[in-house]
Each structure stands twice: as structure tokens, then as C-alpha cells.
Amino acid sequence: MADIQRTLVLIKPDAVQRELVGEIVTRFERKGLKTIGMKMAHLDEATLTEHYGHLKDKPFFGDLKKFMMQTPVIALVLEGFDIIEVVRVIVGATNPRAADAGTIRSDLSMNVPSNIIHASDSLESAGHEIKRFFADNELFAYDKLTDKFHFGEGV
Ligand code: DAT
Ligand code: MG
């Protein structure tokens with residue numbers, strides 16, 4: 001039996017500027033993923049230094065943080081079976097020009113630094129990232145009428 005997991009998604013400033021927020025949220029909804037948290041936030045440098053800590057020695061680290069502070073972002077927490085892997089598949093590879101056709105990055109972007117979306121890459125990072133952006137009382141448990149199709153036997 002697959003595990004129910006949670007993952008963090010950030011819809012980045014280029015997607016906000018390019019009016020792609022609805023399109024991206026729609027793709028997750030149509031797949032049947034359950035949103036349990038959603039908000040707009042203007043990220044500060046300290047948060048981004050932590051969030052992108054694995055890239056701190058890269059030459060593009062400063063530009064990446066500046067880019068992420070250009071506008072507020074939309075943060076989502078999604079919940080479902082194997083959701084970390086499912087969302088990474090829907091998001092596509094880091095380089096949008098190499099991403100599989102049909103993925104968000106392939107269909108909607110062309111450039112690594114502005115690849116429009118972030119998604120947690122492991123169970124461990126998802127745990128840290130959700131805590132970084134959401135308080136416990138900003139995450140919601142509720143039943144959706146469609147849960148039986150996505151989580152159950154479908155009958
Ligand atoms: P991902 O976002 O697919 O998890 P990552 O964690 O390696 O990829 O990098 C985080 C972000 O940093 C990525 O979405 C865009 C930016 N980035 C990565 N590699 C880059 C590069 N070579 N030049 C510029 N920006 C880069
Ligand atoms: Mg990453």
C-alpha cells in the first residue's frame with residue numbers, strides 16, 4: 001500500500017508575473033491532488049538562504065534569491081499517495097528545455113533560472129519545507145467528495 005505523504009510547492013515570481021498561477025493550480029486539481037494549505041507570501045533572504053542551502057556555493061545563488069524575492073510567491077501543501085514523486089513528475093526536470101513534454105516546466109517555461117515552480121524532492125526535505133512555510137494551523141484536514149476515486153477503491 002502506498003503511503004500518504006505531503007509535499008511543498010512554490011509557484012515562483014515568474015509564474016505570478018506571467019499569470020500562470022491558475023493554470024498551475026488547475027493541473028494539480030485535475031490530477032486529483034488534495035490541497036491542504038495555500039497562501040501568498042513575500043519571501044525574505046533568510047528564508048531563501050535556508051530553503052536553497054544546498055546551492056549556497058553555486059555562482060547563481062545570489063541571483064536565485066533575488067529572483068525569488070521579485071514578487072510574492074504562492075505556496076501550496078499537497079497531500080496524497082506518493083505525492084512527492086507524483087508532483088515531481090508533473091513538474092518536470094529542473095531544465096525546462098530538457099523536461100518531458102506535458103510537464104509544467106516543459107509546457108510553460110524555457111529557462112532554468114525561471115522554471116516557474118518548486119517542489120520538494122524527498123520526504124525529508126518536504127518535512128522541513130512545509131514547516132518553513134506553514135504553521136500547523138494553516139494546514140487543513142477535510143474530506144473531499146472525490147477522495148474515494150483518488151484514495152480508495154473508486155466504488
Ligand atoms: P529543482 O528546482 O528542480 O529541485 P535544484 O534544487 O537543483 O532544482 O535547484 C533549485 C533552483 O535553482 C532551480 O529550480 C533553478 C535554480 N537553478 C538550478 N540550477 C541552476 C543553474 N545552473 N543556473 C541557474 N539557476 C539554477
Ligand atoms: Mg530542489
Side-chain angles (χ1 to χ4, degrees), residues 2-136 138-140 150-151:
D3 289 329
I4 294 185
Q5 305 169 339
R6 292 174 172 186
T7 195
L8 178 91
V9 165
L10 299 176
I11 302 178
K12 296 181 179 180
D14 52 333
V16 173
Q17 291 283 8
R18 293 177 55 212
E19 301 170 334
L20 293 172
V21 173
E23 160 88 28
I24 292 168
V25 171
T26 296
R27 286 178 178 228
F28 292 128
E29 283 193 315
R30 289 175 61 200
K31 173 70 172 169
L33 306 185
K34 186 171 186 173
T35 302
I36 62 162
M38 179 185 275
K39 67 177 170 186
M40 185 173 242
H42 214 142
L43 304 183
D44 60 28
E45 184 161 4
T47 302
L48 287 163
T49 297
E50 194 180 273
H51 183 67
Y52 284 125
H54 60 297
L55 300 172
K56 67 178 186 318
D57 297 326
K58 300 285 187 192
F60 57 83
F61 189 52
D63 286 344
L64 170 62
K65 290 192 288 184
K66 246 189 257 168
F67 164 71
M68 290 296 289
M69 292 188 285
Q70 280 179 8
T71 69
V73 300
I74 306 292
L76 305 173
V77 177
L78 303 172
E79 183 178 80
F81 289 132
D82 296 329
I83 195 108
I84 294 159
E85 183 58 25
V86 166
V87 169
R88 290 287 293 195
V89 167
I90 294 170
V91 164
T94 306
N95 178 355
R97 298 199 292 279
D100 288 340
T103 61
I104 290 172
R105 283 172 168 166
S106 171
D107 288 357
L108 303 174
S109 60
M110 275 294 284
N111 192 22
V112 172
S114 39
N115 59 10
I116 66 173
I117 186 162
H118 165 84
S120 306
D121 63 7
S122 68
L123 196 54
E124 195 192 352
S125 58
H128 295 309
E129 291 179 358
I130 291 167
K131 280 200 173 65
R132 184 170 300 135
F133 294 99
F134 286 84
D136 286 347
E138 294 175 315
L139 298 175
F140 299 88
H150 301 304
F151 292 86

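Each ligand, and each atom within it, is numbered from 1 in the order the structure gives. What you see below is based on every heavy atom in this structure, not just the backbone, and it leaves out hydrogens, waters and symmetry mates.
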Checking Glu85 now: which residues fulfil salt bridge (Lys or Arg N to Asp or Glu O under 4.0 Å) with it, not counting sequence neighbours?
none
Close side-chain approach of Leu64 and Leu55, heavy atoms under 4.5 Å:
yes
Side-chain contact test, heavy atoms from C-beta onward, threshold under 4.5 Å: evaluate it for Asp100 versus Ser106 and give yes or no.
no
Using side-chain heavy atoms (C-beta onward) and a distance below 4.5 Å, is Leu33 in contact with Leu78?
yes
Residue contacts for ligand 1, heavy atom to ligand atom, distance under 4.0 Å
Lys12, Tyr52, His54, Leu55, Phe60, Leu64, Arg88, Thr94, Arg105, Val112, Pro113, Asn115
Are side-chain heavy atoms of Ile117 and Leu108 found at a separation under 4.5 Å?
no
Can you name the nearest heavy-atom pair linking Ala126 to Thr7, along with the distance?
CB-CA, 4.2 Å
